[in-house]
Structures are given as structure tokens and as C-alpha cells.
Amino acid sequence: MTSPAGADTEVVLPPRPQPRRGVSLRDAGPPIALAVIFLLFALISPGFRTIGNVQNIMDAAAVLAVVTCGITFVLMMGSIDLSAPGVMGAAAIAVSLLVANNRNGNDWGLLGVLVAVLLAAALGCLSGLALVLLKVPSFMTTLGVSAVGLGVATLLFGGVQPNISDEMLRGWAIERFLGLAYLTWIAFGCVLIGWLIQCYSRLGRYAFAIGGAEEVLALSGVKVAPYKVAVFTLAGAFYGLAGVMVTSQLSAGLVQAGKGYDFAAITAAVVGGTLLTGGRGGILHSAVGVLLVTVLTNGLVQVGVSPYWQGGVQGLIVVAAVAAAVIPQRRRNQVTK
Amino acid sequence: MTTHLQSQPDAQASAPVHALEVRGLVKHYPGVKALDGVDLVVHQNEVLGLAGENGAGKSTLLKALVGLVRPDAGEIWVRGEKVRLRSVVEAADHGIGMVFQEQSLVPNLTAAENIVLGSEGAGVRRGLYRWDTMRKLAQEQLDKIGSQIDPLARTDTLTFAERQMVEIAKVLRIEERTSHPPVIILDEPTSVLESAEIETLFTQVRRLREFASVIFVSHRLDEVLDVCDRVLVLRGGQSVGEVSTASAAPAELHRMMIGSTGSEDHYHDTAAERSDQPLQPRLVVKGLSGATFRDVDLDVHAGEIVGIVGVHGSGREDVCRALFGAEPIEAGEVTLDGDKLDLSGTRAACAAGVGYVPAERKIEGMVGPMSVADNMTLTKQKSRCSGPLVMPQKQATLVDKWIERLSIRTPHRGTAIQRLSGGNQQKVVLARWLVAGDIRLLLLDHPTRGLDIGARSEVYRLMRELANSGVATVLLADSLEEAIGMSDRIIVMSDGRATAEVGCPSGAKPTPLDLVKEMV
Amino acid sequence: MSTPVLATPDVGPTGDTAPVKGGPTLGQRLTSFMPVIALVVLLAALTIADPDFLTQRSLTAAVRTSAPLAVLAAGATLVVLCGGIDLSIAALCSLTTVLFAMWLPDLGGLTTLAAIGVAAAIGAVQGLAHVVLRIPSFIVTLGGMSIFSAVALVISDAGPIRIVDRDATKWLTLYVGGVVPMSFFVAVLVVAAISLVLKLTPLESFVRATGYSESAARLAGTPVDLVKVAAFTVSGACAGLAAIMLVSRNFSGSPTMADNLLLPAVAAIVVGGTAITGGHGSLWRSLVGALVITLLRVGLPIVGVPSAYEQILYGAIIVAAVALTLDRSKVLIIK
Amino acid sequence: SEEAGGSSSGGSEAGACAPEDVTLVGQVRNESNPYEAAWLDGGDAFAEQVGLTQDRLTYDGDSTRQQEQISQLLAGDTECLVMNILPNGDSDTPPIVEGAEEAGAYLVTQWNKPADLNVADYDQWLSHITYNGVESGKQIGDALAEAIGGSGGIVALQGILDTGAAKDRFAGLEESLAANPDVELLDDQTANFSRDEALAVTKTLLTKHGDDLKGIWAANDDMALGALAALEQAGRTDVAVVGIDAVPDALTAIEDGTMTATVSSDGPWQGGIGLAIGFCVATGELAVEDIADEDRAWFAEQFLITGDNVGDFTSPEVDAADFECDNVFSRSQGAIS
Ligand SMILES: Nc1ncnc2c1ncn2[C@@H]1O[C@H](COP(=O)(O)OP(=O)(O)OP(=O)(O)O)[C@@H](O)[C@H]1O
Ligand SMILES: Nc1ncnc2c1ncn2[C@@H]1O[C@H](COP(=O)(O)OP(=O)(O)OP(=O)(O)O)[C@@H](O)[C@H]1O
Ligand SMILES: [Mg+2]
Ligand SMILES: [Mg+2]
């Protein structure tokens, strides 16, 4: 449970009516699955259980973790976000043209990163605005914004690969602190910030509430539209940062920097226990999901599963993991969409 | 003492301005005139009751008072000032707050958050939550109504009644919001409460009267007369009269509501109608155990109505669901007319002639956007099909017949059920089990929740009719009185076990107190 | 509290509630035609950009092109109407192209039926996994997507399989009445057949009830699980049929052939105005949606919009199209 | 189109077109990678040379979309249509060929073609140009073997598994391995020709094989560059990397000495040559019958680029002389066997 409910209850409270069945197990499922899969790989593969590989897994999870942070807020509202590829691509190209690079004389450094993230946030905001103003489902607005982002990125790309020479940005991927790349620490920072937003900010709590019962917020006099736009903007900012991180890793701005991250992040969030219908889950759930997915990807390579089969085996395990996680909470009249 | 004109000010309310005044409010919906020139006056420090049949326009009127419904015509005056209310917030700023008929809490937030939702005040600073303050704010509200609920409990872990308390605590926030005496609107707050909680609520309402005005809606007319100072009766979207509660009787009120007279036993409990019970019970439950109930034995004869009573958490609801195959069981044997009843799923239960009316109508009872006709025939497809094909004409005739029989107020059989008033929705859900006429066992979970007295009476009559035609009925009643009035026998459940059985044959009914003794 | 003794109104509906006609209003009729209006507007815009676009040959080609997408979208629409989503359609379609190409030499004329049958069975398995294990359809079909891709890669040895004997698919390349491509004709037939079955039987109520409110549907004794499995089965079969159409067009089966049709298919469903949350929508809408999406995919570049702007336009237009087509009175909350 | 044609027979009226009536179409996957952008630029250069413009089509690596575009294109005016097409995969070529044949458009394809599809069987399909993937795979394999001193472990990053290019190149690597028995292939994984995926896969392979890993063979430069980024982040400078395509970044890397070798296919030339062949036939300067059978499907010249000769390739220019009608087959290395 990531709800702060338990965090600061120091007074002794009257006994509660018995808790709902399955509450604790529901949240324990994904971490247990993570542990089991991790142990399994560690048993099978000596290469997997090295410190170096664990560092590698953490590093490899960094970008996905940041994307998932963003998408989690959207999923919590019960919306969906497919804009990551476009937004990341636009941010990646933008940042690579703003920091020191081979295409132009810009050398904006950290400011360039900031501008790229703002651009991404603006694209996210666009999804949100289209959702609340045109009343178009987020599935479509984000798909549209993704295409717009890719278009903007292709325009900026202009046929010549922008490569970055900015030492700071390149250093993020290369330099290490306590064995982990700076990028990984950035991802940790994002998860922490995401968690704080989720638990301690009105934005985060309202996002959660919108997923739970949007109509009730309106009855209580809360205008949900600004919060929805804000959530998509926040998600866009996270994607933008992720795009910057990919650029840092590759030392080059790629239009395709975000390819595949949309479904990967949704998978991670859902595997971690965030419901697509909204109102449940959260950043910490998603973080577990990200690790689970990354451990799987890494482990299958380590174990030496044929590249032909890897996708399939991964799909199978994800389904099995979710199935195992839902067994304890299965109820007769439970709604599964 | 009934007056059909209300413009003359009541002597007892000597305040120069009214807390709230409504003049000629009109609201059209496609096919319905929900409000047709309603007038209403609320004095300072009084509890005004609002009575009327299902669909009379009560909820619509009240929603207009909190800015959720924009009236087509008419004026609203608050403390002598004409206002236009466009949102809940604006209404709250004028000191008007409301507890809605359908529960409106965010299930995945804590009770505290729900209580302060939309007016967090000091609980949020610069967009950041201060949980300590938040809990204190919520605790203050809960203390006002003497509730023991943990403010930091997630709302969906609370029971129905607890959630209702949270709603009331929430609306009381309005006191903090305005310096004026507030107007608090309670739309059917008691329909989901047990008698003890109702008493708590009434204490609250009486306390509120000290400094506020209250509008109170209930279909339990005795309650209305009990707690209100004055009752306004609505019919067909118009105010048809006013009753001072000091002298009125429920019957008089009811006559005004429906606009006709008549007198009959509310529960239609005439022993003569009942045929002799066969020797073999229709439903036999032996040692039924599930997650929230243990070793429940139960038998119901054809034509018999068996009530199950119990406090919250007694597990009676889950027993009902288990009998319908909607809840897994761990052990036990259930037979219907001697054949083993398949409890593996709801479909098997339907096929065996079992019907179930769930308590949470909005989520489980009806498919909101679908038409009245489709909702009514959803279960018994046979009734509208010939072979595998749907016969629209057959369906239309059948549905119209039941709309007429149950006096369901709907513009058309094709209207989406979510557009109907709560009571009328419930009638459609009930009708669903009656259309085919092949029902053997009917499980009713609070079947009259939210129904007006006429509709309720109609439901009771239906239940009787069904019983007389041989249907075995299990009833989780809305109140102990209802259980006593309707049941032939009452099973008392507590902590998931059936602890006692009280016979209540016609003419020798136990009192509610007898039951309460068994329940605790 | 006493037991009130009160009257029972045994009169009919009181007051002014005499039933009025409840047919759809003009506005409602208009919203149901919105997808068509969107299509016409788009076509007009493309014609203005390049007058040559509005020739019979060009339109025939566009319609022919849209057939596999339309069939894929139509099948998946059923799942969406039930409140779920099927992300595996494209991968399943690719897998079926491989199976078809592999089986054709042995099975000959029966291959078409066999391939569609297997695709339907695979769809059914996913449906079963969804209802029995209670895994969200998004996850089941996401898993299915990667599993089918892997299987297709392995059995095809990661390469396209060419079809030498084209007779088995030749019928799909014919034209009905000389102008309507057979593949599109088949797509229309499929949509018509499924729609008719839904309309004439209680299935439509079942599907909508399941999509709008699954728990209410279940407690009303509706065969929710059966309906869902059936929807996935039909979706699988449609993916199989779309595969045959692709094979007839490409003369080969390949393990990644249709993979990129997933998002366009879902976009077609949504552009048609079907609510992604379930309950509201229809297969006809998806058919029109598929035409809109096809025009965008092929029309924009052909009339000379540069690649970068094409993407931006595509994004803007699909959002605008949905803004136009979605009937918001049926979908209370837009997520 | 009213001009008397120089052609004698054949289903189509080859050579019937006035130069200004010719429509030139170049189609590649997308404009957001340097190689294909350069290809389209080469096409533009040729078009300018003959006073026309090229219609640039991209299909985003989506086979279905390519087919859809082509069939829409062929539904328009096809009389003097010249198409220089990069089919997405082998299986995409036959329908394009048949479509062009039926519509009477002039077609040149590059890279992908099923082996058993014979260009000489068609009148409108003028030529198919490709590079000997086995050869290039072997060349860089050998260069890699030499760079690691003839012995040690290497890993292979494969391209999109169901493309002919990926398979041929890998076959070339296998030939090279046979010739260098002391070089051991430790692992082969796919990174789908993507820089981003290559980064992640290489990181995992680095931890899996550690210091045993001496070289990385990548089926294209994008993946090689992803691998280089991974090496940089791991602080490894002792691993040799080779790729194919000679994208600008790879050439820079070779100049810097961080990459060992690549193979050039000269994108701008590819973009121009296909249009040139088509243009020559359409305007009657070249008759299909006169094209020798070995020029209907041929391997174009490719160049192994290492630190020694990289200077010659860093600024690719299209040479107008290459596109003269009697010169269009000058780079042929012989017919595809
Ligand atoms: N949103 C709506 N759209 C269309 N018709 C509506 C809507 N809301 C209410 N109505 C209609 O207006 C009339 C009055 O409804 P209202 O809910 O005010 O009744 P009520 O007196 O509160 O009944 P109940 O006792 O059942 O709650 C009913 O006929 C109902 O069908
Ligand atoms: N599906 C469930 N999962 C977890 N807890 C449940 C579930 N269903 C019921 N409960 C809890 O089990 C207890 C028994 O509930 P139940 O509704 O059966 O009691 P009841 O006697 O019907 O009460 P009421 O008079 O309010 O209807 C309650 O505390 C309820 O919150
Ligand atoms: Mg009401
Ligand atoms: Mg109950």
C-alpha cells in the first residue's frame, strides 16, 4: 500500500470492521513475482547473479522507470497514454539541438535540457487539453499527439543526425555514483518525486480520485479538467526527461528515441498492479513492474533464450505473473475489463 | 391541518427573511417536466420535509438548489437575495450543501479526504497535503456526529452505513465555510441506514436546527413526520400542499402525495390469502459456509417469505449472493424442490428459477445507458424472443404491460434507465424477474430501498402475489418493521451465523424489540 | 415507528406521464452519421489538395486497401463493445498469414477455412484466459501479441513464405460489378452478417450490458463469460480473414506482415465513434473509421504532404475526427 | 506522352515519354535516419539534374503501409511514372512488382527481393540493385577478427530477423568465423537495427561475458553506434566494433578510432541511380531489351571502410556522371547469383 494512511496514524483508533478480503495480498503479488523471477534466474544463470549484472539491470531500467512514472499518473486517472514515443522523440531531438552538438552552435547545457522537458510538457498538455476541451478519449488524443511529436521531431531532425558533445549530458550516462550511472539516480529521483506527488500533493491525490469516481469530484465542487490537463502535462515532462536520458545514453538525438516505450511502460505499470480502469496502484507499484520487466529482459538474454523466442517467453511470463497476482483477489462477480 | 396555499407566512416563523425561497422553478427533461413551477420556502432554524412519489421531482429540485441542475425558469432567493447557482461551490458559498441520494464518495480515497474534498482549507497548503491537519479537520466533522470511523480508512473498506456517516460529516463542512446559518439538504439519507443510525442522524438533524435550516427527504413518512417541522408535498413537479407535522398522520400525507384516497393494510398481510404450506420446503440450505458466513441452515417453503435480519456485517447479504451463485461457497448443500442447486454461477441460478435483486442498484442492479425495455428483459430473454430471434413487438407489448402494472414513470420504454428516478429504476429491476413468470425462488436484498410509499406498497403487493403463486422469497428488508410486516418467518443472523428463528405468522407478529434482543 | 396503513394506488401511471414516442431525435440521428460526414469531409479535403485523387480508380484502390484494416477493426470492435480490448489482432493476423502460406501446398482449397478456424480458436483461447483467469484483456492480448509474434518467427524461420499457387486467394482480387473490390465486398458482408446476428438476437443486449456494466449484467444472469469468449473468437476469426486478404495482396505470408496494423485498427474503431470504454458503438462505425484511417495513411502522402507534416496532420485529424464522431450523450465520462 | 517511342515491342510503350512528363517517386522507410534521408536527397539531386522534382514517400518501416501507398500511387496516372523503391522486406517486393507491371510504371527496387523472383520475367521492373550482404558481413567479420588479433570472443547483433539483409550479413559472419577458427561467437542477439535496443542488449551481453568479450559485430551501423555507447558507459575501450552502412556517425567514430570498420553502400547514389535507370527507359534513351540480363539484378559496388581510408568517404557527393544513361550500370559487381 502506498497510501499514506498507515504513515501517520499514531493515535489509537477504535477497532475497524474486519478489512476487506484480499487487500494485502493484492499489493503483495507483484513484489512476490519479482522476487520469484529474480531468484529463478539467479539459480539458473551464474552471469545473472553478479553484482555487475544487478547494476546493469538498474541502469537498464532507468529510462523505462521515468516513462512509467509519467504513465502511472495517467493510468491512475483511468485514462491511457500512448504519446510517449512522439513526445520522447521530440524531446530527444530538441535537447540534442540545444546542448553542444554537431549541427549548430548552441550550447545551452542544463537550460537546454529544461527547454526540451518543457517542450515535452507542452505536448503532454496538448493531449490533456484535447481530452477536456474536445472531449476526445485520451487513447486518441495521445495517439494523435504522438504522431504530432514524431512529426515535429522529423522536422527538427532535417536529415542530419544531431550528435551531442555536451560533456555534462554525456556524463549522465557514463559517470557513476555508488556503482550506478547518474541516469539511474535520476530515475530514482523521479520515482521519489512521483511518489511524493502521489501521496502529498493535491494533484496526485486528485488524479487518484479521478480514477476512483470522477463524477463525485464534480459533485463536491472540484473542477477536474485542470487536474487532468496537469496530469498529462506532468506525464509529458517525465517522457521528455526520458527522451533526454536516451539522448544522453546514445550521445545522439534520435527521432525513434521513444519507440516501444508506450506499451513497455503500460505493461510495467499494469504488471506492477496499477489498474487500467484507474483508481488503484501507484508509483511504487509501477517501479516494481519496471524492475520485473527489466529483470525478465535481462534474464532471458543471460539464460540464453533464442532471440526468436524471447518476446514470446516474456509475454507468457507477464501473463502468468499477472494471473498469479490476481488469483488471491479473484471474486465471483469481479469485473475484469 | 393542510393548506393548499403556501404564500401566507407561517406564524411561528417570524424571521423577516426566509433562509431560502424558491419561486416557480421549472425544469424540462426530454419527455418529462421534472419541475413544473415549484414554490418552496425554508425558514431559519427549521427542518422542512419534502415528500412525494418517486419521480415527483424532489431530487431535481434539490439539485437545482446546489447548482447541479440549471432550471429553465424560476428564481432562487437565499436570505432575501436573488441568486444564480451555477455550481456546487457557488451553492456552498451561499451556505447550501447537500447529501445526495446516491452515495457520492470517492471509494479509493480516505474518509478524511472525502470529508474535506473540494474545500480542503488548511489541509492543503500550496497544493501539498498536510495529512495531520487533514485528519484533524475530518475528525472534527466526525466528532460532530459522534462517529467512530477512522478518518484515514479507505472509504471502500467502510460499510454502506459508515459511508453514509462520512457523507453527512462531509456536508457539515459547510458550517466552516460560511458565516451565515447554512442550509443543509439531505436527500433520502436514511434509506440505507439501520434504526440505531437513524436515531443518531435524527439527533444530528435536531442539533443542526439550532443554527441551520435543513431540508429532509424520505419515503418513510413516519420519519418525516417525526423529525420535520413542516412537510411540503410535491406531485408531478408541482408543490401541492403543506402539512404541519404536529397534527398530521402518514395517511394524510400519503393522500396528498398521490392525490387520491384509499386505505388498505400496508403489507397486505391477510392470512386468508395464504395457501397451506406443502410438507417439503422448496429451498433447503444445509451448512452453507463462505468467507463471511458459517454453517447457515435455512429452508423456505413455496409461498413463504422468510426475512433475514442482522446488524451490519452479519453476512446475510453474502448468503443471499451465494444462493444466487454470485459468491463462492466453501461448504454446504443447497436444494431447490429437491434438486441440487448449482451454485457455480449466476447463470445456473437463473436457469434454475432463482432471482436476485441486489442492494446496490446503481452498480449491480441496472445497466444505466440501456433502455427500460432492455433492462427489463435482460434476464428472461425468452419473454421477448421467439426461437433465437428478438421480437420487438412482443417485447414492446410485454414491457408496456409491466410499465403500466408497476406504475413505472418513464417517458417511453426506450428511455435509458439512468434517466429515471431511483424508485422507478428499482421497479424496472424488480420487473426483470417477473416478466417470464417462471421464478421459483426470489432473493430480495433491500428491494424497497429508495421507493416511495406507493411504490413500496406496490412492491409488497407484488411480493405477496408472487408468494401466493408459489414463489419462495428470501427478504433482506429495509427496516425491521418491513421484515416483520412482510415475513412469515424471520431468521436472525449475527457474525455470519444464523442464531435464531422467530416465527411471525399473520396476527401474531413480534415487535421490533423482540428481534433486536435476538440480534445482539 | 408504526406500521402505516395506507392506500395502494391501483390506477395506472398517474399524471402527465402518458408515454411519448421515444425514438431518436434529429440530433441523435445526426451523431450516428458523423463518421460518414467525417469521411466525406476528408475526401473533399484530399480532392482539393489534389484533384486527381477523386477518380474511380483511385477510390477503388483506397477501398481495396482498407479491406483488411476494416475486417480487423470490425472483429476487435466486438471486444471493445464488451468493454475489453484486443491488442493481439495484428500479431495474430501475421501469424495466420504464415500458417496460410505454410499449409497451402498441402491443404489447397481448404486452407482458407483452416486458417480462419485456427485464428478463431486462438482468439477463443485468449478469451478463455481472460474470463477464467480473470486477467485484464489488455494484458492477455498484450501477452498474446508477443507470443504469436514469436511463434510466427519460429515456424516461418523468420522469413516470408511465398505463395506459388495463387488460385486459393485469387477470388479476393476480383471485382464485384467491375468496380467494387471483392475484398472490400467481403469486409462489408462480414460486418453486415455480424451486425445482423447481433441485432436480431439477444446478443446485442448481452454485449452492450457487458460493456456498460459487467457486474449488473452478470447479476442479471447474462452469459457474460460466454459473450466475451465469443467476442474474442470472432475477433480472432476476423484477424484470420484479414490475413487471407493480406496474403492475396502480397502473395506471401510473413511473420511481421500485419504487425503495424494494430494502432490503425484501434484508431479506426475509435474514429468510428465506438466508445473505448465499452457498450456504445457499432461495427458499421468501425468500417467507416477504417476508411477514414486508410485515406489518412495513403491519401496524405499521395497528395504530396511531406512526411513530417503528414505525421502532424495525421495526429491532428484523427483527434478532430473523434471529436466529431463520438456521441457524448452515450459516454458519460470521457477517460 | 505523344512522342513517338523508340521501343519496338513489349506490353508497355517504353520510351514514349517526354522528359518533362516523367514523374519521379522515391520511397524509403522514413526520413528520420541519416542513411535514408541521404538516399532521398540523392534522388532530389538527380531530379534537379533533369529539371524535375522527386516525390518523396516514406512508410515508416510499415510493410502494409508501403503496399497501400504503392497501390494508391498506381491508381493514379502511371504512364510516365518512375519509381525507385526500397521494399521493406523481401516479401514486399512481389506485389510492388506486379502492381507496377500491371499499371505500366517503371520500377527499380533495391536491397530486398525474394531470391526466386526473376527480374527478367518482367517488362516494367527494370532492375534490382543490392549489395552482397554475405560479402559485407564477411568483410567486417574479417576486419573484426583482425582487430582483435585473430582470436577471442565476439558477439553478434542481428538486424530485424525476417529481413534478407540481416540473414545474409549473418551468413557472412559465419563464413568469416569459419575462416578464423580462433574467433569464437559467444552470443547472438537481435537489436532490430535499432541504436536504442542495441545499447540495452550490449549492456547485458557485456555483463554476461565480461572480459571474454573482445569484439562486437553489428549488422548495421546504428546498432554498432548503440554498442559503442554501451561500451563507453561501461568504461570499456578494449572492444572492437564493426558495422555496415557507413552512416556519418560511424565514419566519425572510425576517424576517432573508437570503431573498427564499416561498409559503404553510398545512399545518395542509391537514391539517384534507381530514378536514373527508370528515367532513361521512360524517355527512350535506354530500352529494356537492351539491358543485359546481368544488369537486371545486380550487386552494386561496396567499400570496406577502415581507419586507413575513412577520409575518402566522409563527405559523400553525388556525381552527375554516374547517372548518365550509358553509365548507370557502371558500379555493377556482377549479377546476383
Ligand atoms: N438527468 C435526467 N434526464 C432526464 N430525466 C430526468 C433526469 N433526472 C431526472 N429526470 C426525470 O425527472 C423526474 C423527477 O426525477 P427526480 O429524481 O427529481 O425524482 P424524485 O422525486 O427524487 O424521485 P425518487 O423518490 O425516486 O428519488 C423523473 O421523471 C425523472 O425520470
Ligand atoms: N466482497 C466482500 N469483500 C470483503 N468484505 C465484504 C465483502 N462483502 C461484504 N463484506 C463485508 O462483510 C461484512 C458482511 O456484510 P453484509 O453486507 O453481508 O452484511 P449485511 O448484514 O447484509 O449488512 P447490511 O445491513 O448493511 O446490508 C461487512 O462488514 C462487509 O463490509
Ligand atoms: Mg430522488
Ligand atoms: Mg447488506
Side-chain angles (χ1 to χ4, degrees), chain C residues 50 52-53 55-62 64-66 68-69 90 93-94 97-98 101 152-154 156-164 166 173 242 246-261 263-264 294-295 297-304 306-308 310-311, chain D residues 23 25 27-32 36-37 40 53 55-78 87-99 102-103 112-117 158-164 166-168 170 190 192:
Chain C
D50 179 359
D52 290 346
F53 195 78
T55 62
Q56 188 230 313
R57 271 184 68 183
S58 167
L59 291 184
T60 304
R64 194 173 85 111
T65 294
S66 72
L69 186 66
C93 183
S94 300
T97 64
V98 171
L153 270 178
V154 172
S156 68
D157 203 14
I161 303 176
R162 289 232 289 140
I163 294 199
V164 192
R166 293 189 191 167
T173 61
L246 285 178
V247 172
S248 81
R249 202 160 89 178
N250 282 28
F251 320 123
S252 64
S254 135
T256 52
M257 185 173 279
D259 286 5
N260 286 305
L261 286 182
L263 286 180
T294 304
L295 279 189
R297 275 162 65 86
V298 303
L300 289 182
I302 295 296
V303 303
S307 141
E310 178 204 330
Q311 284 171 312
Chain D
T23 312
V25 174
Q27 191 195 37
V28 294
R29 296 197 179 93
N30 48 50
E31 286 191 50
S32 57
E36 285 168 32
L40 288 182
T53 52
D55 291 341
R56 299 159 70 116
L57 292 183
T58 57
Y59 54 87
D60 212 15
D62 173 348
S63 297
T64 18
R65 188 147 173 210
Q66 175 172 43
Q67 298 302 335
E68 293 168 3
Q69 280 180 6
I70 299 265
S71 72
Q72 201 66 41
L73 189 65
L74 293 176
D77 184 8
T78 55
N88 197 33
D90 285 0
S91 56
D92 298 307
T93 311
I96 296 175
V97 169
E98 308 229 347
E102 205 175 300
N112 298 316
K113 169 183 90 67
D116 56 351
L117 198 65
Q158 293 223 52
I160 297 174
L161 291 173
D162 68 339
T163 60
K167 288 183 184 170
D168 286 349
F170 190 67
T190 178
N192 291 319

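Proteins come first, then strands; the chains are lettered A, B, ... in the order of their sequence lines, and each starts at number 1.
There is no contact between C/D50 and chain D, counting heavy-atom distances below 4.5 Å. When heavy atoms are compared at a cutoff of 4.5 Å, D/D62 approaches chain C by way of both its backbone and its side chain. Only the side chain of D/P114 comes within contact range of chain C, with heavy atoms under 4.5 Å apart. Proximity to chain C is absent for every atom of D/N88, based on heavy atoms less than 4.5 angstrom apart. Contacts between D/L57 and chain C at a heavy-atom distance below 4.5 Å involve the side chain alone, from C-beta outward. Interface remark: C/D52 contributes no atoms to any contact with chain D (heavy atom separation under 4.5 Å).
The candidate with the highest count of non-hydrogen atom pairs below 4.5 Å against chain C, out of D/T64, D/L74, D/I160, is D/T64. Ranked by heavy-atom pairs under 4.5 Å with chain D, the list C/Q56, C/R64, C/R162 is led by C/R162. Of the residues considered (C/R57, C/M257, C/R297), C/R297 shows the highest number of contacts with chain D, using heavy-atom pairs under 4.5 Å. Between chain D and the residues C/T256, C/T55, C/L246, the most heavy-atom pairs under 4.5 angstrom are made by C/T256. Comparing D/S91, D/S63, D/G61, D/S32 by how many heavy-atom pairs each has under 4.5 Å with chain C, the most go to D/S91.
Here CD of D/E68 is found 6.5 Å from CG of C/L261. Values are rounded to the nearest 0.5 Å. The distance from the CG atom of D/D92 to the OG atom of C/S254 is 7.0 Å, given to the nearest 0.5 Å. D/T190 contributes atom OG1, which lies 9.0 Å from atom CG of C/L153 (distance to the nearest 0.5 angstrom). Taken to the nearest 0.5 Å, the CZ atom of D/R65 stands 11.0 Å off from the OG1 atom of C/T294.
Under the 4.0 Å criterion applied to side-chain N and carboxylate O atoms, C/R249 and D/E98 are not assigned as salt-bridge partners.
Of all heavy-atom pairs spanning C/F251 and D/P95, the tightest one is CE1-CA, 3.6 Å. Closest approach of D/Q69 to C/I302, counting heavy atoms only: O-CD1, 3.6 Å. Across all non-hydrogen atoms, the minimal contact from C/S307 to D/E31 is CB-OE2, 3.5 Å.
Partners of C/S248 according to the side chain to side chain donor-acceptor pair (under 3.5 Å) rule, which considers only residues two or more places apart in sequence or in another chain, do not exist here. Under the rule for a side chain to side chain donor-acceptor pair (under 3.5 Å), the partners of C/T65 that lie at least two apart in sequence or sit in another chain are D/S71.
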